[in-house]
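Reviewing the structure listed below.
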Amino acid sequence: DTTVKQNPRYKLARVGKPVNLICSQTMNHDTMYWYQKKPNQAPKLLLFYYDKILNREADTFEKFQSSRPNNSFCSLYIGSAGLEYSAMYLCASSLLGGRDQDTQYFGPGTRLLVL
Amino acid sequence: SQLAEENLWALSVHEGESVTVNCSYKTSITALQWYRQKSGEGPAQLILIRSNEREKRNGRLRATLDTSSQSSSLSITATRCEDTAVYFCATDAWPNYNVLYFGSGTKLTVEP
């Protein structure tokens, strides 16, 4: 089973309120990723966990938090949502996480709308 | 600016025709991947081609990689309506070879 699950599929949030998105995989993959996807733009990597080590992209460092309580679950947390956070959030996982490119398995995404 | 980029924003063909999507990238890479995203789904990998490979096939799909010109192509033969999707190329970049940097995608429409 190569399924990555994301909850919820759709999320409506108010400006200034927190948002928590959940991702899970049962493939025992070492690495889990979060991307932000806006229409007609490239999926943009926000952060990734290699095992228990969190790596965040420099330009989104302060905007997004994450936790990985166990190998299967990973969350994406926005402390105070702004209109610019409206996007599709994609979670992915890969078996490897070291110095080698590997297949990433994506979930269906969570569509976040901030009003 | 993006590390990988497809050359066309959109493309349309009729069923049964062949089509090629092109991608250029900016850095030295260990591999390049092609993904397809259908409406309502997450991206799904089609092909991973490593820097020491020149061509890779997967059924009706064929990917090429030219490291000298830093470009790649994805060809689909005998297209079907269900090939309608956005096609992305993605590369890595030193030092995070397990991280992918995507292009904006080419929207392919296959018409009956």
Side-chain angles (χ1 to χ4, degrees), chain A residues 2-7 9-10 21 23-25 27 29-51 53-60 76 87-111, chain B residues 1-10 23-53 56 58 63 65 67 72 85-107:
Chain A
T2 56
T3 302
V4 176
K5 297 181 180 178
Q6 292 188 241
N7 287 298
R9 292 294 308 273
Y10 302 91
L21 308 180
C23 177
S24 65
Q25 51 88 15
M27 297 174 278
H29 281 176
D30 282 340
T31 308
M32 295 185 74
Y33 310 81
W34 281 100
Y35 293 85
Q36 181 189 65
K37 173 80 172 68
K38 294 186 176 182
N40 302 321
Q41 294 184 19
K44 176 181 168 55
L45 179 70
L46 301 176
L47 52 88
F48 67 96
Y49 265 99
Y50 175 42
D51 194 12
I53 300 171
L54 174 61
N55 297 269
R56 287 186 284 181
E57 292 291 281
D59 58 346
T60 57
L76 181 70
M88 174 74 81
Y89 289 86
L90 294 164
C91 175
S93 70
S94 66
L95 177 62
L96 303 175
R99 297 177 57 80
D100 199 13
Q101 200 181 113
D102 192 16
T103 300
Q104 292 191 15
Y105 297 88
F106 282 83
T110 295
R111 188 172 296 279
Chain B
S1 61
Q2 292 175 195
L3 295 178
E5 194 60 59
E6 299 80 3
N7 71 325
L8 286 177
W9 182 75
C23 167
S24 60
Y25 59 90
K26 294 183 178 178
T27 66
S28 175
I29 62 172
T30 66
L32 182 144
Q33 299 190 43
W34 284 96
Y35 283 79
R36 172 169 66 189
Q37 185 175 20
K38 296 185 177 183
S39 181
E41 301 177 7
Q45 189 206 55
L46 300 174
I47 292 179
L48 185 157
I49 183 167
R50 300 205 180 272
S51 58
N52 61 351
E53 298 175 309
K56 198 104 175 254
N58 179 9
L65 182 64
T67 53
S72 175
V86 180
Y87 290 78
F88 297 97
C89 63
T91 62
D92 54 34
W94 182 91
N96 294 318
Y97 295 120
N98 61 321
V99 171
L100 288 178
Y101 297 94
F102 284 80
S104 302
T106 292
K107 181 171 173 53

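Numbers restart at 1 for each chain; the letters A, B, ... are given by sequence-line order, proteins then strands.
With a threshold of 4.5 angstrom between heavy atoms, Lys37(A) approaches chain B through side-chain atoms but not through N, CA, C or O. Residue Glu41(B) touches chain A through its backbone alone, counting heavy-atom pairs closer than 4.5 Å. Heavy atoms of Leu48(B) lying under 4.5 Å from chain A belong exclusively to its side chain. Heavy atoms of Ala44(B) lying under 4.5 Å from chain A are absent altogether. For Gln37(B), the part sitting under 4.5 Å from any heavy atom of chain A is the side chain, from C-beta outward, and nothing else. Looking at Leu32(B), the atoms closer than 4.5 Å to chain A (heavy atoms on both sides) all sit in the backbone: N, CA, C or O.
Every residue meeting the salt bridge (charged side-chain N to carboxylate O under 4.0 Å, His left out) condition with Glu53(B), not counting sequence neighbours, appears here in chain and number order: Lys56(B). Not counting sequence neighbours, the partners of Tyr35(B) by the ring pair (Phe, Tyr, Trp, His ring centres under 6.0 Å) test are Phe106(A), Phe102(B).
Formation of a donor-acceptor pair under 3.5 Å by the Gln104(A) side chain with backbone atoms of Val99(B) is not found in this model.
Across all non-hydrogen atoms, the minimal contact from Thr103(A) to Gln45(B) is OG1-NE2, 2.9 Å. When all heavy atoms of Leu90(A) and Pro43(B) are compared, the pair lying nearest together is CD1-CD, 3.9 Å. Gln41(A) and Phe88(B) make their closest contact through O-CE2, 4.5 Å (heavy atoms, listed as atom of the first residue, atom of the second, distance).
Note: Asp102(A) CG to Asp92(B) CG = 11.5 Å, rounded to the nearest 0.5 Å.
Chosen from Pro108(A), Pro43(A), Gly107(A), the residue pairing most often with chain B at heavy-atom distances under 4.5 Å is Pro43(A).
Counting non-hydrogen atoms of neighbouring residues, nucleotides and ligands closer than 6.0 angstrom, the CZ atom of Arg111(A) reaches no more than 12 such neighbours.
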